[in-house]
There are 4 protein chains.
Amino acid sequence: MNNSDKCDDIMQAAMELIAERGFHDAPMSEIAQKAHVAAGTIYRYFENKEVLINELFQEIEDKMMDILLGNYPLGKPVKEQFFYVFGELCRYLITHPLHFRYMEQYFNSPYGISKRRDKLLGKNINRDGHDTLTGIFEEGISHQILKDLPIIVLSSLAIGPMLYLIRDHTLGFVELEESLIRQITEACWDAIKK
Amino acid sequence: MNNSDKCDDIMQAAMELIAERGFHDAPMSEIAQKAHVAAGTIYRYFENKEVLINELFQEIEDKMMDILLGNYPLGKPVKEQFFYVFGELCRYLITHPLHFRYMEQYFNSPYGISKRRDKLLGKNINRDGHDTLTGIFEEGISHQILKDLPIIVLSSLAIGPMLYLIRDHTLGFVELEESLIRQITEACWDAIKK
Amino acid sequence: MNNSDKCDDIMQAAMELIAERGFHDAPMSEIAQKAHVAAGTIYRYFENKEVLINELFQEIEDKMMDILLGNYPLGKPVKEQFFYVFGELCRYLITHPLHFRYMEQYFNSPYGISKRRDKLLGKNINRDGHDTLTGIFEEGISHQILKDLPIIVLSSLAIGPMLYLIRDHTLGFVELEESLIRQITEACWDAIKK
Amino acid sequence: MNNSDKCDDIMQAAMELIAERGFHDAPMSEIAQKAHVAAGTIYRYFENKEVLINELFQEIEDKMMDILLGNYPLGKPVKEQFFYVFGELCRYLITHPLHFRYMEQYFNSPYGISKRRDKLLGKNINRDGHDTLTGIFEEGISHQILKDLPIIVLSSLAIGPMLYLIRDHTLGFVELEESLIRQITEACWDAIKK
DNA sequence: AATGAATGAGGTTTCATTCAT
DNA sequence: TATGAATGAAACCTCATTCAT
């Protein structure tokens, strides 16, 4: 319990520092300081910086998935499923700007080279046997509801704009309130629907 | 000529290294080595690393703008203008994957903090008095052709998917050939059109 | 104790190197080597080279002041006070040639630009409410014992020769033994007395 | 003639830069620039930086000696000779602050390690068979006019204060006008006279 | 288990000097 | 003779990682 406290402190400190300043401006010593822990202590919990970074990514991903899958409208129409996933993801990232910044850093770095957006939103979402964005798209295509495009293309059309807009939101360029989110969801739906 | 050569060699080497491995893993010494130049030589052409990075950005931007503005369909319908910009940009980035990777690194780093995507694609494109993406959107909105959304939102809907897809293309996850580009353009148009 | 040791080793090494060869020929790496310490270790104790240099100066100044103020003949006649300060300072610098050389380097460098000789020997000596060279001179002038010249002139007349002679002493050009010091003190007194 | 022009330009530029900023902040490239000459050209006239620095010193010394020896009151009383040398030297340094700064830098650097003040004012002054400060002192001692102290001590008593005061003058701490110079000369004479 | 001082490789940058033109 | 681009050693400093306590 003491252990896990320290571990959490380290992860929290690391996430904040990295989200705010990027990987190359987040020294282990400063992470340690921020976590009220000695520099060497970090290495009892994480073999090295890369491992810490990857575990941080994993943790955020897991949390996101928990929320996304919590009330997933299983068996509902494709459109409803899409609106649900889009809206939840959007709200999650807006209310967790640190997670969003961290993910951005991660995917734009050598660390995240192997886990691109599509993997995250495609493969991993089907954890626990639940449906996935991929699933939504496949179903939509086969039901002639969605355009007959490669899944990866549909997924970019559906998710790409949102990620850019959330960045703009965190930078203060737009205010993404509920009604605007709704409109954007509609627009993305227009992009993928037949 | 000799001058140009060395300077070009340095810029080329820097761009490749940075595009492939990011700013913080592209040491000046290695850039020099790759450019077949002594470390100190770089500093005859660029005051410091930051200047090199920014000039590299500027060069890419200029080249892109030259192509984008070359055959710009001035005075043509909004839809045609949009298809032109989208297609040209897409083709440019696909044929210049290093430029694309470099721009990604740049915009996701402190260096590019002030020149975000929207600025690039919004403000700067109106060089030489030409129309701009922003211009296209404004005209489209006022003619009731496009959805009445903030420009920044339209721009994300229009460009966001493409940027993700080009990344996937450079990673070998999709093959963006001409017909697919056409379909994506259509889909993005669907997203923004009324 | 270990701490102190390393820090002292670094300061000692730095002082020796700088005193012997000047600031610009005393690389941090060599200081480290001389102190039997890794280069990076220096930066645990001193933020950068400038800080190290300034702390070294401060340390020397403090030691000198401790000695100068130790048996200060408070309330005694001006002449006695002058002879005390002159003699003590002279003896201190002769027995601490490294300190002397360091101070010379320091005052003849950008580092010491703000703390010139006069400040050192004028203002700072009045720590702990004690009298100062300036004080001695002011009292002497008002009592018509000393020449009515600007303090800064008196201070040069009083101290200038000594500093040159100590340099010559450290270089082996003169042997400043007690009786000669006495004579020099007398001569300097002749220079300033009415 | 062209040659010697370039050579003069280089020396002038070097002197100014070094006097103002010190040896270690006067890069050859900048000296070249200031002299409107290519970097490599300097090396046609001076084997390396050290040689340039030493020749610069020599040149200044020669100019000073020319002036000092120009109207030297040969055969006049010791006191008059002393007043002459002191006054001339003082005036020269005040009217040639760059020379003064350069000399200061020089004597406080490894370059000038072998040519200390005493050498300058003692040995070298007897160029052309003229009398010297040393000569003045020797004569003064033997005539019982001056204190019976080592020449080097007398020379420090006589010259030390002036050098400090000129520094203070160039720094704006005192204004050394003619009447003050006279008073200081008197004071220094008091220091050395029996 | 925890500490944090110590390490030292490696980063950016400067600059005296050389040499092809 | 003059040029100035090129060199590369060496300076200062950072930081991931180790290890004695």
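What you see below is based on every heavy atom in this structure, not just the backbone, and it leaves out hydrogens, waters and symmetry mates. Reminder, nothing fancy here: chain letters follow the sequence lines and each chain counts from 1.
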Could you please name the option among [options] that lies closest to any side-chain atom of [X]?
X: B:A38; options: E:dT12, F:dG4, F:dT7; result: F:dT7
X: A:Y43; options: F:dA16, F:dT7, E:dA16; result: F:dA16
X: B:M28; options: E:dT12, E:dA6, F:dT17; result: E:dT12
X: D:R44; options: F:dA2, F:dA16, E:dA6; result: F:dA2

### Query
In the strands shown, is E:dA9 matched to any nucleotide by a Watson-Crick or G-U wobble pair with both distances under 3.5 Å, and which?
F:dT14
#### Entry: Pair partner, E:dA20 [Watson-Crick or wobble, under 3.5 Å]
F:dT3
Could you tell me how far apart [X] ([atom1]) and [N] ([atom2]) are, to the nearest whole angstrom?
X: A:H24; N: E:dG11; atom1: NE2; atom2: P; value: 14 Å
X: D:Q33; N: E:dC15; atom1: CD; atom2: C1'; value: 14 Å
X: A:F46; N: F:dT18; atom1: CZ; atom2: P; value: 16 Å
X: C:I31; N: F:dA11; atom1: CD1; atom2: C1'; value: 12 Å
X: A:I53; N: F:dC15; atom1: CD1; atom2: P; value: 14 Å
X: D:D9; N: F:dA2; atom1: CG; atom2: C1'; value: 14 Å
X: D:L52; N: E:dC15; atom1: CG; atom2: C1'; value: 15 Å
X: A:I42; N: F:dC15; atom1: CD1; atom2: P; value: 14 Å

### Task
May I ask you to test the B:E20-B:R101 pair for a side-chain heavy-atom distance under 4.5 Å?
no
#### Entry: Validation row: D:M64, D:L93 side chains within 4.5 angstrom (heavy atoms)
yes
### Summary
5'-most contact on DNA chain F (nearest-nucleotide basis), B:V37 vs C:D25, goes to B:V37
### Query
Would you say D:T41 reaches F:dT3's phosphate, i.e. side-chain N/O to OP1/OP2 under 4.0 Å?
yes
#### Entry: Any D:Y45 side-chain nitrogen or oxygen under 4.0 Å from OP1 or OP2 of F:dA2
yes
## Note on the structure
5'-most contact on DNA chain E (nearest-nucleotide basis), A:A39 vs D:E50, goes to A:A39
### Task
Check the angle between the aromatic planes of D:Y92 and D:H96 and answer parallel, tilted or perpendicular using the 30° and 60° thresholds.
parallel
### Query
When you look at C:E30 and C:R21, which way does the salt bridge (Lys or Arg N to Asp or Glu O under 4.0 Å) test go after all the steps?
CA-CA 12 Å; C:E30 207 165 335; C:R21 313 210 316 234; 3.0 Å; yes
#### Entry: Non-hydrogen atoms of B:F57 and B:Y102 that approach each other most closely
N-CE2, 3.8 Å
